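Since we're looking at a predicted model, the values are computed, not measured. The sequence lines fix the lettering, A, B, ..., with proteins before strands; numbering per chain opens at 1.
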There are 2 protein chains.
Amino acid sequence: MSTASKALNNTGRMGDETRERVKRVASEIGFRPNALARGLLSKRSFTIGLLTNDTYGRFTLPVMAGVSEALVDHGVSVFLCAIEDDPALGQIHVEAMLDKQVDGIIATGKRLDRRLPVDLSNLPVPVVYAFTEGTPNSVTFRSDDAQGARLAVEWLLKIGRRRILHVTGPMEFFSVRERAEAYSEVAGDAEPVMYGIWSESWGHDAIEEIWQRPGEKPDALFCGNDQIARGAVDALRERGIKVPQDVSVIGFDNWEIVAAQTRPPLTTVDMELKELGRQAGLTMLALAEGRPVEPGVRKLPCRLVVRQSCGGDKPGA
Amino acid sequence: MSTASKALNNTGRMGDETRERVKRVASEIGFRPNALARGLLSKRSFTIGLLTNDTYGRFTLPVMAGVSEALVDHGVSVFLCAIEDDPALGQIHVEAMLDKQVDGIIATGKRLDRRLPVDLSNLPVPVVYAFTEGTPNSVTFRSDDAQGARLAVEWLLKIGRRRILHVTGPMEFFSVRERAEAYSEVAGDAEPVMYGIWSESWGHDAIEEIWQRPGEKPDALFCGNDQIARGAVDALRERGIKVPQDVSVIGFDNWEIVAAQTRPPLTTVDMELKELGRQAGLTMLALAEGRPVEPGVRKLPCRLVVRQSCGGDKPGA
DNA sequence: CTGAAAGCGCTTACAG
DNA sequence: CTGAAAGCGCTTACAG
């Protein structure tokens with residue numbers, strides 16, 4: 001019994017030949033150790049929980065894919081718990097995960113500046129936050145929205161655009177403010193930022209508004225997300241204004257279903273959520289193994305995805 | 001020790017007062033039984049696996065939500081494993097789940113007529129299929145696409161449309177053929193079904209084709225999915241044809257991001273994937289508890305979601 | 001170098 | 001009605 005255990009785990013001392021023989025027989029009979037029993041001893045279940053309030057999955061799926069990809073090689077499986085914005089449901093899921101002795105919990109959401117509706121600050125297991133606001137001394141991963149916005153505006157400047165407008169979502173969103181600031185810095189704040197909602201219709205309305213008011217028209221639009229960008233592109237086309245010849249439009253999110261189906265397909269900023277998930281997963285692993293991890297907020301760079309809505313060339317910088 | 005166990009599990013015989021006292025103290029010290037230890041004895045881990053090859057999450061997320069909702073009350077947590085179309089990755093995930101002693105596996109995908117790239121037929125745990133093709137004697141849940149198509153066409157007839165065209169996806173899809181057949185039965189097959197691809201651009205092209213060719217124009221379009229419907233609506237608007245006044249358009253899938261953002265918002269058929277997930281979860285539970293479950297394919301009815309792209313009234317039938 | 005013993009945190013017969 | 005004993009499937013000191 002114990003010899004078998006040591007042979008299979010490559011621990012203890014024994015004859016090479018004995019070890020090999022054990023391994024061979026084990027694989028012949030298809031022996032697979034019971035992870036529950038192992039977990040009982042080792043205090044590690046090789047299981048983590050992913051908690052999210054993003055029902056729609058827009059942000060959670062890429063994060064989940066990254067987490068899973070990072071951990072599958074280490075034999076770690078992940079419980080996905082969608083808790084909506086229901087504190088009671090959140091509590092139930094957290095307790096269920098704790099009962100199952102998860103090695104840690106990754107919290108993720110749909111907004112950088114909102115907490116999940118459940119308190120994760122005094123759990124007996126490590127917690128990592130990804131794309132949701134963490135507690136003061138936690139480890140948090142988020143996208144660098146300012147850098148993403150800079151990427152977009154710099155690209156527009158680089159391809160020769162000079163009158164760049166920023167049409168975006170509600171000012172209450174932290175990421176909206178951050179992107180708007182970066183926009184103003186890079187573009188110069190000739191025109192005030194246009195705040196609205198996260199929908200195609202706002203993109204439409206914004207174009208309406210811009211073309212109705214007097215004054216010079218923009219030659220480029222930096223939109224706060226792909227839906228707004230799509231609405232704007234459609235509205236421009238309906239006015240007979242050519243995208244990208246007359247006006248360049250750039251989005252944010254790289255939400256394939258929106259960005260790729262727009263005519264022309266949107267150049268946009270990708271927040272690299274999968275990479276964010278990968279790093280969160282790796283960090284969780286470190287924590288679970290007791291390795292030290294610096295607390296704090298880590299901003300991950302965004303990436304420009306060039307399609308056809310801006311004109312210009314391949315991405316340069 | 002054993003008294004405590006029996007008290008908390010409401011098993012064995014003991015004084016009510018003793019039982020209460022144990023429970024009270026347990027909750028005072030915040031005692032929570034270790035699920036790993038319990039699982040070791042009971043042979044149940046209160047854990048199941050959800051296997052999917054639908055990376056995008058279009059179909060998996062609602063199914064997952066339903067599964068989770070059905071099982072959370074029973075203390076069951078779910079491992080989500082996205083395996084793309086990679087057989088090796090699928091194998092790894094299945095083995096990881098088996099090692100962790102899952103009580104069962106639910107397989108889900110993105111097509112009714114495709115298998116996951118991993119063999120689930122000889123597992124030591126029960127398997128339920130949802131929205132993916134199962135093995136011959138398995139339990140499989142799927143949407144009733146014929147009924148969904150009937151719902152759509154009958155609705156168009158009910159609001160007075162007579163020349164209904166069907167623009168849909170690739171004929172290789174089983175669900176495409178099933179919907180097309182139902183369409184032909186209900187609408188009469190005056191016009192041949194137009195097969196294409198699952199994209200907005202095909203919706204565009206179809207309108208182009210229809211309006212270019214001679215002959216009477218349709219007064220209604222039944223589209224194979226919401227993307228095609230959206231493309232068609234956009235193309236009609238660009239031709240100055242009014243939706244729904246001149247032409248009614250109906251989609252399939254009720255993919256919010258597409259259906260709700262179309263102008264006007266799409267009337268469409270919802271496959272009730274969340275309910276499908278719920279039933280798959282409940283069935284899994286029955287199997288895990290050893291209750292008998294009839295093998296076979298269960299078709300779940302679709303539901304018509306009325307928005308504004310058809311005109312007409314509230315849903316009747 | 002190998003194997004008997006103890007123990008992880010519970011539950012379930014079985015004596016008392 | 002209560003508690004000591006055995007055991008779920010492993011791993012880890014510790015004798016031999």
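- D:dT2 is paired with C:dA15 under the criterion used here, namely a Watson-Crick or G-U wobble arrangement in which both key atom distances are under 3.5 Å.
- Of the candidate nucleotides C:dC14, C:dA5, C:dC10, C:dC14 has the atom lying nearest to any side-chain atom of B:K6.
- Ion pairing between A:K110 and A:D85 holds under the 4.0 Å rule for side-chain N and carboxylate O.
- Across all strands, B:R44 comes closer than 4.0 Å to no nucleic acid atom at all (heavy-atom distances).
- Because its NZ or CZ atom is both nearer than 6.0 Å to the ring centre of B:F173 and within 45° of the ring axis, B:R111 counts as a cation-pi partner of that residue.
- The side chain of B:S5 sits closest to C:dT12 out of C:dG9, C:dT12, D:dT2.
- Closest to the side chain of A:S2, out of C:dT2, D:dC10, D:dA13, is D:dA13.
- Here the nucleotide nearest the side chain of B:L40, chosen from C:dT11, C:dG9, D:dC10, is C:dG9.
- Of the candidates D:dG9, C:dC8, D:dC10, the closest approach to any side-chain atom of A:R38 belongs to D:dC10.
- Comparing D:dT11, C:dC10, D:dG9 by their closest approach to the side chain of B:L41 singles out C:dC10.
- Residue contacts shown for B:T18 are limited to sugar-phosphate atoms, with no base heavy atom under 4.0 Å away.
- Of the charged side-chain nitrogens involved, at least one lies within less than 4.0 Å of a carboxylate oxygen, so that B:E17 and B:R21 count as a salt-bridged pair.
- Salt bridge present: B:K299 and B:E178 bring a charged side-chain N and a carboxylate O closer than 4.0 Å.
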